[in-house]
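So you know, we letter chains A, B, ... as the sequences are listed, proteins then strands, and number each from 1. Computed from a predicted structure; not experimentally measured.
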Protein chains: 2
Amino acid sequence: MERSDFLKSVPLFSDLNREELRQIESISGEKRYRKNEIIFHAEDLGAYLFILKEGSVKISLQGREGREVILRILYPKEFFGDMALLDGYHRSATVTAFEDSKAVLINREDFLNLIGKHPEVALKIMSILSKRLRKADERIASLVFLDAHGKVARSLLDLIQEQGKKTEEGIVIDLKLRREELSDLAGLTRETTTRVLKDFETAGAIRRERKRLIILREDIIKREAEKSL
Amino acid sequence: MERSDFLKSVPLFSDLNREELRQIESISGEKRYRKNEIIFHAEDLGAYLFILKEGSVKISLQGREGREVILRILYPKEFFGDMALLDGYHRSATVTAFEDSKAVLINREDFLNLIGKHPEVALKIMSILSKRLRKADERIASLVFLDAHGKVARSLLDLIQEQGKKTEEGIVIDLKLRREELSDLAGLTRETTTRVLKDFETAGAIRRERKRLIILREDIIKREAEKSL
DNA sequence: ATTAAAGTGTGATCTATATCACAAAAAAAT
DNA sequence: ATTTTTTTGTGATATAGATCACACTTTAAT
């Protein structure tokens, strides 16, 4: 896809006119990342704003001994960047390509400049950040209130919402995500996640296939996720 | 304190001039809330932006049977508002006065207007939101990685950072917060929180007094909080 | 195709923390 | 000042989920 067409389709820029978009095009670059490649690390400076063009990325924090939490997964048209970009403050999360991905990069200067000239863009960013904040807050509540089944259910609902495709078979999630990744998303161990998925399968709520997951009964999953929340 | 002096001291408005501040003063109102009074509920519309002038408020989500998580506590000069204010979307948290409090209110329209005219304000909001998002993300990691001692330690560090006062005795936290509130902040039960505090006291890291908490050895608390993160 | 590596399912423990149940202490109400 | 209510400490117990261990399966590498 042409970069200009892509930029036009990004919600962040939806209020800009042709000329303004062309300007962004001229100041932006593009980069590709291979699956599992680290796009940037917790410690790096927030020098660029990234807009994901293809693929998906995970934002995560790591604990000791290989433990990791996935904070969120982002899909095309969403932006990210060490949030130092916005608040000048550091120690943020790690961003890793979840699949082969492409991103458009705008450097910090140009981006701040853009915002100065286009308050609509700043408003959009505020809106997206507050949406993400709300999601994070709900996640905190899930971790405190829900048991293992509830946590897995919550994670599945997020995946459904972000990238589930409705088919006659059911809702298909075809990110190839390993048990371990799902468990990092739910905040559980791999083993517990496996056992929970088996229970869901036995209950007829999901079907597991080699590399996709099919949600047969969203209602059951929803009920689990709302048990205590 | 005069409202105009107060507004001038709010970081959100630090780039505005005298005239602009006077304008805000003219479009804003003021309200007082008694301790434990609900300022607004999860379901309410985001009609106003609130800027806390005196006291403190807690932002929380409730689960079943009286369970609750405190997402954050806000202090004077910080803003809040159903974030529907920004993203037009609902189902947010409940805000309750933690102590007797006063807030300045600006209605949605006027506020959006203000942002349109003053990109600096939008930038400040972006910056604050991304700071809150980062904090929420770290909290998610704490809940997944840390044990009870770590979680309590993390909560104490937050309190120290936001409102600890250094004295020769140690760092004093004089929010009168009950065990239950601290446990809602840490994501634990009241009983576990009590036991952890006792351990910290035995270790000489804190001293508990009738209505204040004194941190004697911040280093011990820090070590606990970083055990696995 | 065969071998190697990575990921998954599942049983058997073990343990941290929730839960339950009071008594003691403190705060609020009369 | 007494009584009532709320909050706190602390023991005893139960249990969900972590941890460990290993066979089995799938995917990747040669």
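Comparing A:Lys211 and A:Arg195 by the nucleotide of DNA chain D whose heavy atom lies nearest to each, the residue mapping closer to the 5' end is A:Arg195. Mapping B:Arg178 and B:Lys198 onto DNA chain D by nearest heavy atom places B:Arg178 at the nucleotide closer to the 5' end.
Of the candidate nucleotides C:dA18, D:dG17, C:dT8, D:dG17 has the atom lying nearest to any side-chain atom of A:Ala148.
The distance between atom CG of B:Leu143 and atom P of D:dG17, rounded to the nearest whole Å, is 15 Å. To the nearest angstrom, P of C:dA16 lies 11 Å from NZ of B:Lys227. To the nearest angstrom, P of D:dT26 lies 16 Å from NZ of A:Lys176. Whole-Å rounding puts the B:Asp147 CG to D:dT19 P distance at 11 Å. Following rounding to the nearest Å, A:Glu201 (CD) and C:dG9 (P) show an atom-to-atom distance of 9 Å. Rounded to whole Å, atom P of D:dG9 lies 11 Å from atom CG of B:Leu182. Nucleotide C:dA18 holds its P atom 15 Å from the CG atom of A:Leu146, rounded to whole Å. Rounded to whole Å, the distance from CZ on A:Arg190 to P on D:dC24 is 16 Å.
A:Arg208 comes within 4.0 angstrom of the backbone, heavy atoms only, and of no base.
A donor-acceptor pair under 3.5 Å is formed between the side chain of B:Ser142 and the backbone N or O of B:Glu138. Without hydrogens or angle criteria, A:Asp100 side chain to A:Arg34 main chain gives no donor-acceptor distance under 3.5 Å.
Phosphate proximity of D:dT8 to B:Thr194: absent, as no side-chain N or O sits under 4.0 Å from OP1 or OP2. Proximity of A:Thr192 to the phosphate of D:dA18: a side-chain N or O atom is located under 4.0 Å from OP1 or OP2.
Ring geometry for A:Phe80 against A:Phe50 counts as parallel: the plane angle stays under 30°, on a 0 to 90° scale with 60° as the upper cut.
Of the charged side-chain nitrogens involved, none lies within less than 4.0 Å of a carboxylate oxygen, so that A:Arg67 and A:Asp184 do not count as a salt-bridged pair.
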When the side chains of residues 169-179 of chain A are checked against the rest of the protein, which donor-acceptor pairs come out under 3.5 Å, sequence neighbours left out?
residue	atom	partner	partner atom	Å
A:Glu169	OE1	A:Arg212	NH2	3.2
A:Glu169	OE2	A:Arg207	NH2	3.1
A:Arg178	NH2	A:Glu181	OE2	2.9

